[in-house]
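Heads up: the structure comes next, in structure tokens.
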Number of protein chains: 2
Amino acid sequence: MNKDEERLTVVNVVASTRVAEELDLPDIAIQLNCEYEPEQFPGVVYRVTDPKLAILMFRSGRAVCTGGKDEQNIHTGIDRMIKDLRKAGITTWDLKDVEIEVQNMVATYALHYPEDYDGTALRDTLDMKMGTPLAGLPRKLNLNNLTFHLPFDKVEYEPEQFPGLIYRLDHPKVVCLIFGSGKMVITGARHKDEILEAVQIIQDELADLL
Amino acid sequence: MNKDEERLTVVNVVASTRVAEELDLPDIAIQLNCEYEPEQFPGVVYRVTDPKLAILMFRSGRAVCTGGKDEQNIHTGIDRMIKDLRKAGITTWDLKDVEIEVQNMVATYALHYPEDYDGTALRDTLDMKMGTPLAGLPRKLNLNNLTFHLPFDKVEYEPEQFPGLIYRLDHPKVVCLIFGSGKMVITGARHKDEILEAVQIIQDELADLL
DNA sequence: TCCGCTTATAAACCCCTATTTAAAGAACAC
DNA sequence: GTGTTCTTTAAATAGGGGTTTATAAGCGGA
């Protein structure tokens with residue numbers, strides 16, 4: 001595992017699937033004791049404790065699983081839900097016919113100075129005194145500068161509305177929320193590879209500002 | 001029945017009539033258990049279940065029937081309403097004196113490529129692979145192109161406000177809502193002939209874009 | 001004299017509702 | 001000062017509401 005992967009944490013995986021031809025939601029809500037307020041939202045909310053997940057089930061037999069840390073979590077949750085449905089006498093598809101598609105992954109990444117960076121702290125700060133070598137340490141950012149350095153039409157930064165700078169990449173097609181602390185949130189990816197690609201691209205663009 | 005008539009569906013017929021010299025609306029609302037909120041709207045709403053219709057009755061004895069799929073539906077509804085009024089002891093005109101005038105017809109039409117069209121799909125799409133002969137298949141439209149092809153002063157197209165292109169014909173005097181899917185809504189006609197005429201005119205104008 | 005009210009109806013878009021999750025600010029409450 | 005709660009982003013799912021057009025009736029308001 002390289003530095004990028006170490007500093008990257010997938011915090012949420014969302015996937016969609018179909019577990020039955022159709023589902024009787026009012027019945028399921030009662031049988032499995034799930035949240036169901038049809039006038040507020042058409043789906044039933046089925047919750048799994050460990051891993052902590054929330055699965056939304058719909059009348060069409062389709063379902064959306066959120067909260068996973070990886071794809072394995074999602075499978076575990078869906079399998080458990082199907083077993084629960086069957087125990088309650090509800091007809092579902094065979095497990096082998098249930099296909100799961102990851103639709104979104106959210107990750108956080110903490111920016112650091114390159115290991116071979118030769119710059120030093122320009123002045124004393126709360127956690128570092130002037131002259132400390134910065135190589136390998138967490139890197140803070142000046143978002144106002146960044147706004148001008150990145151492609152204008154891909155960036156949105158309105159600190160009064162939201163503290164993060166919003167950066168939309170075309171390839172991979174993901175969105176990054178970049179914060180002054182040097183931490184960022186990457187979302188919209190369907191595979192972890194896309195997240196790592198995005199991180200690499202941003203690191204390269206930020207290298208110019210060192 | 002030709003192709004145009006097969007692809008055309010009349011979804012709503014509105015007609016006006018007069019069933020009495022005058023009507024005591026508060027009394028009718030109670031006797032026939034109808035909706036009546038005079039401070040909100042001056043008419044009583046009389047509903048028929050099958051066919052599903054809504055008839056508005058006014059103090060003047062006039063009435064408006066909406067929701068019919070054809071003129072026969074309208075007659076059925078009016079007849080039933082008059083019988084109901086009489087059963088409740090309310091005086092109405094003789095059925096023979098009740099004249100019904102269709103005031104508006106709404107229809108949908110699904111555009112298709114001509115049966116003798118020799119074009120083929122230009123590229124792969126969700127439902128068709130490149131090269132498939134298009135003759136007789138549903139035809140999608142590029143409304144932006146259409147905007148420039150049809151008479152400027154008869155067209156309105158503001159996709160951010162409404163997804164359909166609004167095309168006002170003078171003869172027949174109807175309005176067509178044309179959608180990117182190739183489906184359209186024709187309204188404002190008093191006879192089915194006018195709807196078929198309008199469809200033919202539009203097909204001719206669209207032939208230029210093939 | 002217009003305007004809105006109300007009724008029905010299709011087309012296909014928008015937005016809202018709900019679920020998850022991190023980041024870092026502001027705004028409240030206690 | 002510690003809490004919640006809100007802001008933003010992505011994605012699937014799916015109901016509900018709104019948008020537009022035509023048309024009659026008749027009552028209230030500028």
Side-chain angles (χ1 to χ4, degrees), chain A residues 9-17 35 37-43 45 47 52-60 62-69 101-108 156 158-164 166 168 174-181 183-190, chain B residues 9-17 35 37-43 45 47 52-60 62-69 101-108 156 158-164 166 168 174-181 183-190:
Chain A
T9 306
V10 174
V11 297
N12 185 26
V13 175
V14 177
S16 62
T17 187
E35 306 159 42
E37 291 184 50
E39 71 294 321
Q40 191 180 121
F41 187 69
V45 183
R47 289 172 190 284
K52 182 177 170 293
L53 305 169
I55 305 177
L56 308 177
M57 301 173 63
F58 301 90
R59 196 177 48 83
S60 65
R62 291 177 191 283
V64 173
C65 182
T66 68
K69 295 303 179 210
E101 253 188 301
V102 170
Q103 300 289 355
N104 187 30
M105 293 185 81
V106 183
T108 59
E156 280 178 64
E158 291 179 50
E160 312 223 332
Q161 199 192 4
F162 186 67
I166 301 164
R168 291 161 198 282
V174 302
V175 174
C176 297
L177 308 180
I178 304 175
F179 299 86
S181 64
K183 290 187 182 173
M184 35 194 277
V185 171
I186 305 92
T187 184
R190 296 179 106 97
Chain B
T9 306
V10 173
V11 296
N12 185 26
V13 175
V14 177
S16 62
T17 186
E35 306 159 43
E37 292 183 51
E39 70 294 323
Q40 188 182 114
F41 188 68
V45 183
R47 289 172 190 282
K52 183 177 170 295
L53 304 169
I55 305 177
L56 309 177
M57 302 171 63
F58 301 90
R59 196 182 48 84
S60 63
R62 293 178 188 281
V64 172
C65 181
T66 70
K69 295 302 180 212
E101 254 190 300
V102 170
Q103 300 287 356
N104 185 30
M105 293 185 80
V106 182
T108 61
E156 279 178 65
E158 290 179 51
E160 311 225 333
Q161 198 194 2
F162 186 68
I166 301 165
R168 291 162 197 282
V174 302
V175 173
C176 297
L177 308 181
I178 306 176
F179 300 87
S181 64
K183 290 187 182 174
M184 36 195 277
V185 171
I186 306 90
T187 184
R190 296 181 109 93

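Order of the sequence lines sets the chain letters (A, B, ...), proteins ahead of strands, with each chain counted from 1.
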* How far does the helix from C:dT1-D:dA30 to C:dC30-D:dG1 bend, going by the axes of its first and last five pairs, to the nearest 10°? -> 130°
* Asked: How would you label the contact of A:S60 with the nucleic acid (heavy atoms, under 4.0 Å): base, sugar-phosphate, or nothing?
  -> sugar-phosphate
* Considering only heavy atoms from C-beta outward, does the side chain of B:E35 approach that of B:E37 to under 4.5 Å? -> no
Of the non-hydrogen atoms in [X] and [Y], which two are nearest, and what is the gap between them?
{"X": "A:I178", "Y": "A:M184", "result": "CA-CB, 4.2 Å"}
{"X": "B:V174", "Y": "B:G188", "result": "CG1-C, 4.2 Å"}
{"X": "A:A63", "Y": "A:I55", "result": "CB-CG2, 4.1 Å"}

Working to the nearest 0.5 angstrom, can you tell me the gap between [X] [atom1] and [Y] [atom2]?
{"X": "B:C65", "Y": "B:L56", "atom1": "SG", "atom2": "CG", "answer": "8.5 Å"}
{"X": "A:R190", "Y": "A:M105", "atom1": "CZ", "atom2": "CE", "answer": "12.0 Å"}
{"X": "B:T108", "Y": "B:I186", "atom1": "OG1", "atom2": "CD1", "answer": "7.0 Å"}
{"X": "B:N12", "Y": "B:N104", "atom1": "CG", "atom2": "CG", "answer": "7.0 Å"}
{"X": "B:L177", "Y": "B:K183", "atom1": "CG", "atom2": "NZ", "answer": "14.0 Å"}

* Structure fact -> Judged by nearest nucleotide, the residue sitting upstream toward the 5' end of DNA chain D, A:T17 or B:P163, is A:T17
* Pick the nucleotide of DNA chain D nearest each of B:A15 and A:E39; which residue has the one closer to the 5' end? -> A:E39
* Structure fact -> Students should find that the nucleotides of DNA chain D closing off the region near chain B, any atom under 4.0 angstrom from a heavy atom, are D:dT19 to D:dC27
* Structure fact -> Protein heavy-atom contacts under 4.0 Å, written 5' to 3' over nucleotides 4-11 of chain C as B (base), S (sugar-phosphate only) or - (none), form the string -BBBBBBB
* To do: Check whether any side-chain N or O of A:T9 sits under 3.5 Å from a backbone N or O of A:V11 as a donor-acceptor pair, and report yes or no.
  => no
